[in-house]
Amino acid sequence: IKKFYLFWNNNVVNIPPKTCNDVFNNEFKQGSVIKTKIRFPSGTEKVKYLVILNKNPQDDNVLYFLTTSQLEFYNKYPKYNKDIIRLEAGKIIFFQKETVIDCRSVGKGSRAIFGSNFQKGTLVFAGELPGQIMSDIEKIVEQSFFIAKKEKEIILSVKQKPECGVKEQK
């Protein structure tokens, strides 16, 4: 039997696997913000905050947006600001720096791997985005030219109309 541990006030607390799974299942949902290590195509790994996008959090294929506090690009190229959510420092407790949620590029991961990382302690739940911010994200997703139709369906949980000149496959 695997045992999971939580460090709390410098004390180790034993968490039974079922409780750990229950916490993960309860917290892993659309709008959840998780902090975990991500490996980029370049091979570098960084600890990042991710916003979970799936309407159905039970899907194994998880979609997410990355966040960043590196704002130089967004400040230099304001034409892309219609595809981002900019959060003031401290507006949301877990973003102490000014932060951007980049809604142009959808990241993909596995729910099973995220769950495993939670059990190992390499993934933590930072919190949940307020409903208004999630509504703003959904509006950006709906109007985006950068996000594929199938991804929009997973995020918005609605069938998208076929793109102009494209026949819908049945």
Ring-plane angle category for Phe114 and Phe28, please: parallel below 30°, perpendicular beyond 60°, tilted otherwise.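 Taking Phe28 first and then Phe114, their aromatic rings sit tilted (interplane angle of 30° to 60°).
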Parallel, tilted or perpendicular: rings of Tyr77 and Tyr80 (30°, 60°): perpendicular
Got a second to check how far [X]'s [atom1] is from [Y]'s [atom2], nearest 0.5 Å?
{"X": "Leu63", "Y": "Ile154", "atom1": "CG", "atom2": "CD1", "value": "4.5 Å"}
{"X": "Leu129", "Y": "Asp136", "atom1": "CG", "atom2": "CG", "value": "10.5 Å"}
{"X": "Ile147", "Y": "Leu156", "atom1": "CD1", "atom2": "CG", "value": "8.5 Å"}
{"X": "Tyr49", "Y": "Phe95", "atom1": "OH", "atom2": "CZ", "value": "7.0 Å"}
{"X": "Ser116", "Y": "Lys120", "atom1": "OG", "atom2": "NZ", "value": "4.0 Å"}
{"X": "Lys46", "Y": "Leu66", "atom1": "NZ", "atom2": "CG", "value": "10.0 Å"}

Residues Glu142, Lys152: salt bridge by 4.0 Å N-O rule: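 Answer for the salt bridge query: no.
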Is the backbone N or O of [Y] less than 3.5 Å from a side-chain atom of [X], with the two atoms forming a donor-acceptor pair by type?
{"X": "Asp60", "Y": "Ala112", "value": "yes"}
{"X": "Glu98", "Y": "Ala89", "value": "no"}
{"X": "Asn56", "Y": "Gln58", "value": "yes"}
{"X": "Thr122", "Y": "Asn117", "value": "yes"}
{"X": "Lys48", "Y": "Lys37", "value": "no"}
{"X": "Thr44", "Y": "Phe40", "value": "no"}
{"X": "Arg111", "Y": "Pro57", "value": "yes"}
{"X": "Ser32", "Y": "Lys29", "value": "yes"}

With Asp102, which residues qualify under side chain to side chain donor-acceptor pair (under 3.5 Å), at least two apart? Tyr74, Arg104
Partner of Lys55 under salt bridge (Lys or Arg N to Asp or Glu O under 4.0 Å), chosen from Glu151, Glu138, Glu153: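 With Lys55 as partner, salt bridge (Lys or Arg N to Asp or Glu O under 4.0 Å) holds for just one option, Glu138.
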Give the C-alpha distance, both sets of side-chain angles, the deciding distance and a yes or no for side chain to side chain contact (heavy atoms under 4.5 Å, CB included) between Ile113 and Phe118. CA-CA 9 Å; Ile113 290 173; Phe118 178 69; over 6 Å; no
Are [X] and [Y] close enough that some pair of their side-chain heavy atoms sits under 4.5 Å apart?
{"X": "Val100", "Y": "Leu87", "answer": "no"}
{"X": "Val124", "Y": "Thr36", "answer": "no"}
{"X": "Lys35", "Y": "Val47", "answer": "yes"}
{"X": "Arg86", "Y": "Asn81", "answer": "yes"}
{"X": "Thr68", "Y": "Ile101", "answer": "no"}
{"X": "Phe125", "Y": "Val33", "answer": "no"}
{"X": "Phe65", "Y": "Val141", "answer": "yes"}
{"X": "Thr67", "Y": "Leu50", "answer": "no"}

Distance-minimising heavy-atom pair for Met134 and Val51: SD-CG1, 4.3 Å
Do you know which two heavy atoms are closest between Ile85 and Cys103, and how far apart they sit?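 Looks like CG1-SG, 4.2 Å.
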Kindly determine whether Ile140 and Lys82 satisfy side chain to side chain contact (heavy atoms under 4.5 Å, CB included), including the steps that lead there. CA-CA 8 Å; Ile140 291 171; Lys82 69 181 182 71; over 6 Å; no
With no hydrogens and no angle check, do the side chains of Asp22 and Asn25 hold a donor and an acceptor under 3.5 Å apart? no
Could you tell me whether the side chains of Asn21 and Gln119 share a donor-acceptor contact shorter than 3.5 Å?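 Their side chains do contain a donor-acceptor pair, which is all the 3.5 Å distance test asks for.
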Residues Gln132, Ile137; criterion side chain to side chain contact (heavy atoms under 4.5 Å, CB included); working and verdict: CA-CA 9 Å; Gln132 183 57 54; Ile137 288 173; over 6 Å; no
Is Ile84 reachable from Ile133 through a run of hydrophobic residues whose side-chain heavy atoms are each under 4.5 Å from the next? no
